[in-house]
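Only a predicted model underlies this, so the values are computations on that prediction, with no experimental measurement involved. Residue numbers count from 1 along this sequence. As a basis for the values below, the full set of heavy atoms in this structure was taken, side chains included, without hydrogen atoms, waters or symmetry mates.
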Amino acid sequence: MGNAMVMTQYIRLTPDMQSKQGALWNRVPCFLRDWELQVHFKIHGQGKKNLHGDGLAIWYTKDRMQPGPVFGNMDKFVGLGVFVDTYPNEEKQQERVFPYISAMVNNGSLSYDHERDGRPTELGGCTAIVRNLHYDTFLVIRYVKRHLTIMMDIDGKHEWRDCIEVPGVRLPRGYYFGTSSITGDLSDNHDVISLKLFELTVERTPEEEKLHRDVFLPSVDNMKLPDMTAPLPPLSGLALFLIVFFSLVFSVFAIVIGIILYNKWQEQSRKRFY
């Protein structure tokens with residue numbers, strides 16, 4: 001979708017031009033319980049140091065084909081997002097070296113904070129020097145027994161290197177895989193060479209089967225996400241009138257009972273006095 005172009009050897013999500021965005025999504029939802037997604041990608045362009053952007057994202061989400069500001073996809077998504085961020089938006093950050101890979105799980109209630117490069121909501125991350133390399137670069141996302149692992153092969157050694165590992169990640173089945181990218185004032189070529197999904201066969205104990213039942217909303221253990229509760233509908237005019245009316249009746253009734261009890265108490269006091 002968008003400015004994505006199908007080439008003979010790859011799909012270019014965005015060309016090295018300003019204000020472009022593109023995406024690639026699968027049409028069939030994934031109902032695998034344990035899986036591994038391997039992404040073969042390439043990011044390259046004419047921009048020099050810190051004059052390129054913005055990066056690409058890999059998605060496992062409830063909604064597909066929804067363009068937006070988060071690396072070309074919608075904000076407040078429901079599912080998992082893995083970001084290969086090539087440009088530092090937060091000026092004061094010094095300890096983080098870009099390009100940077102991070103991950104985020106969302107139940108639809110959180111916004112991705114561009115100004116802070118997604119720090120408030122990230123599960124973890126690592127530096128990944130992936131621009132303008134002369135060898136292949138890979139990223140793997142593995143989801144096994146509610147354990148999320150992200151590794152990379154970006155050194156030309158054909159070896160996986162750990163990046164992110166988070167236990168207790170609960171992802172529903174039936175979501176879509178996709179990848180997207182966006183450019184603004186700065187740009188890069190963001191190419192996807194292949195996306196390969198593998199089903200992983202994992203044995204579970206009876207206790208694990210009970211613990212790993214299907215969920216309906218993404219979440220992470222020990223990480224509080226705002227609840228997605230629907231707001232209460234406003235009261236109608238009749239309902240509001242009835243509430244006020246019965247409140248007044250109850251108040252009058254309480255006052256009358258109070259007066260009667262007070263009068264009886266006074267009569268008893270007089271009898272005691274005489």
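Grouping the Ile, Leu, Val, Met, Phe, Trp and Tyr side chains by contacts below 4.5 angstrom, directly or via other members, places Leu197 with Tyr176. Both Leu217 and Val220 sit in one connected hydrophobic cluster of ILVMFWY residues. Membership requires side-chain heavy atoms under 4.5 Å apart, directly or through other members. No chain of hydrophobic side-chain contacts below 4.5 Å, direct or via other Ile, Leu, Val, Met, Phe, Trp or Tyr residues, connects Tyr87 to Ile182.
Once rounded to the nearest 0.5 Å, the distance linking CD1 of Ile101 with CD1 of Ile58 reads 7.5 Å. Rounded to the nearest 0.5 Å, atoms CD1 (Ile43) and OG1 (Thr137) are 7.0 Å apart. Here CE of Met151 is found 6.5 Å from CG of Asp162. Values are rounded to the nearest 0.5 Å. Here the CZ atom belonging to Arg116 is positioned 10.0 Å from the CD atom belonging to Glu122, to the nearest 0.5 angstrom. For the atom pair SG (Cys30) and CD (Glu199), the distance works out to 8.5 Å, reported to the nearest 0.5 Å. Between the CD atom of Glu159 and the CE atom of Met152 there is a distance of 12.5 Å, given to the nearest 0.5 Å.
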Fill in: Verdict with supporting geometry, Asn106 and Val78, side chain to side chain contact (heavy atoms under 4.5 Å, CB included)
CA-CA 5 Å; Asn106 199 353; Val78 179; over 6 Å; no

Worksheet entry | Stepwise side chain to side chain contact (heavy atoms under 4.5 Å, CB included) test for Ser219 and Arg170 | CA-CA 5 Å; Ser219 64; Arg170 301 168 185 264; 3.3 Å; yes

Worksheet item: Does the pair Asp155 and Arg161 meet the rule for a salt bridge (Lys or Arg N to Asp or Glu O under 4.0 Å), with working shown?
Response: CA-CA 9 Å; Asp155 302 316; Arg161 181 151 56 91; 3.2 Å; yes

Discussion item. For Val70 and His114: C-alpha separation, side-chain torsions, deciding distance, then whether side chain to side chain contact (heavy atoms under 4.5 Å, CB included) applies.
Written reply: CA-CA 8 Å; Val70 185; His114 278 281; 4.3 Å; yes

Fill in: From CA spacing to verdict: side chain to side chain contact (heavy atoms under 4.5 Å, CB included), Ser102, Arg119
CA-CA 9 Å; Ser102 63; Arg119 289 191 187 206; over 6 Å; no

Item to complete: Give the C-alpha distance, both sets of side-chain angles, the deciding distance and a yes or no for side-chain hydrogen bond (donor to acceptor under 3.5 Å, both in side chains) between His212 and Arg146.
Response: CA-CA 7 Å; His212 298 172; Arg146 294 187 173 170; 5.4 Å; no

Item to complete: Using the side-chain hydrogen bond (donor to acceptor under 3.5 Å, both in side chains) rule, take Thr14 and His190 through it: C-alpha gap first, then chi angles, then the decisive distance, then the call.
Response: CA-CA 5 Å; Thr14 60; His190 299 93; 2.7 Å; yes

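Not one N or O on the side chain of Thr149 forms a donor-acceptor pair closer than 3.5 Å with the backbone of Arg142. Side chain of Thr127 to main chain of Val97: a donor-acceptor pair is present (N/O by atom type, distance under 3.5 Å, no hydrogens or angles). Side-chain atoms of Asn26 come within 3.5 Å of backbone N or O of Val28 as a donor-acceptor pair. A donor-acceptor pair is defined here as one N or O able to donate and one able to accept, closer than 3.5 Å; no such pair exists between the side chain of Ser187 and the backbone of Thr183. Side-chain atoms of Asn132 come within 3.5 Å of backbone atoms of Gly45 as a donor-acceptor pair (strictly under, hydrogens ignored).
Applying the ring pair (Phe, Tyr, Trp, His ring centres under 6.0 Å) test to every pair with at least one member in residues 143-173, sequence neighbours left out, gives these pairs: Trp35-Tyr143. Identified under the salt bridge (Lys or Arg N to Asp or Glu O under 4.0 Å) test for residues 72-82, with sequence neighbours left out: none. Among pairs with a residue in residues 124-134, those fulfilling salt bridge (Lys or Arg N to Asp or Glu O under 4.0 Å) read Arg131-Asp188, at least two apart in sequence or across chains. Pairs passing the salt bridge (Lys or Arg N to Asp or Glu O under 4.0 Å) check and including a residue from residues 3-27, sequence neighbours excluded, read Arg12-Asp191.
For the pair Ile150 and Ala103, the tightest heavy-atom approach, listed with the atom from each and the gap, is CD1-CB, 3.8 Å. Nearest approach of Leu148 to Leu123, heavy atoms of both residues: CD2-CD1, 4.4 Å. Between Gly55 and Ser181, the shortest heavy-atom contact is O-OG, 2.8 Å. In terms of heavy atoms, Phe98 sits closest to Ile129 at O-CD1, 4.0 Å. For Leu80 against Val105, the heavy-atom pair with the smallest separation is CD1-CG2, 4.0 Å. The shortest non-hydrogen separation linking Tyr135 to Ile154 is CE1-O, 3.0 Å.
When the shell of 6.0 Å around NZ of Lys62 is examined, it contains 12 or fewer heavy atoms from other residues, nucleotides or ligands. The local environment of CG in Asp185 is sparse, with at most 12 non-hydrogen atoms from other residues, nucleotides or ligands closer than 6.0 Å.
Partner of Trp59 under the ring pair (Phe, Tyr, Trp, His ring centres under 6.0 Å) criterion, out of Tyr175, Phe83, Phe177: Phe83 alone. The side chain to side chain contact (heavy atoms under 4.5 Å, CB included) test with Phe41 is passed by exactly one of Ile193, Ile11, Leu13, Leu56: Leu56.
No cation-pi contact links Arg173 to Phe31, judged by a cut-off of 6.0 Å to the six-membered ring centre and 45° from its axis.
Here Glu209 pairs with Arg33 under the side-chain hydrogen bond (donor to acceptor under 3.5 Å, both in side chains) rule; sequence neighbours left out. Annotation: side-chain hydrogen bond (donor to acceptor under 3.5 Å, both in side chains) contacts of Glu208 (sequence neighbours excluded): Lys145.
The closest side-chain heavy-atom distance from Leu171 to Tyr60 is below 4.5 Å.
A donor-acceptor contact closer than 3.5 angstrom links the side chains of Asn107 and Ser109.
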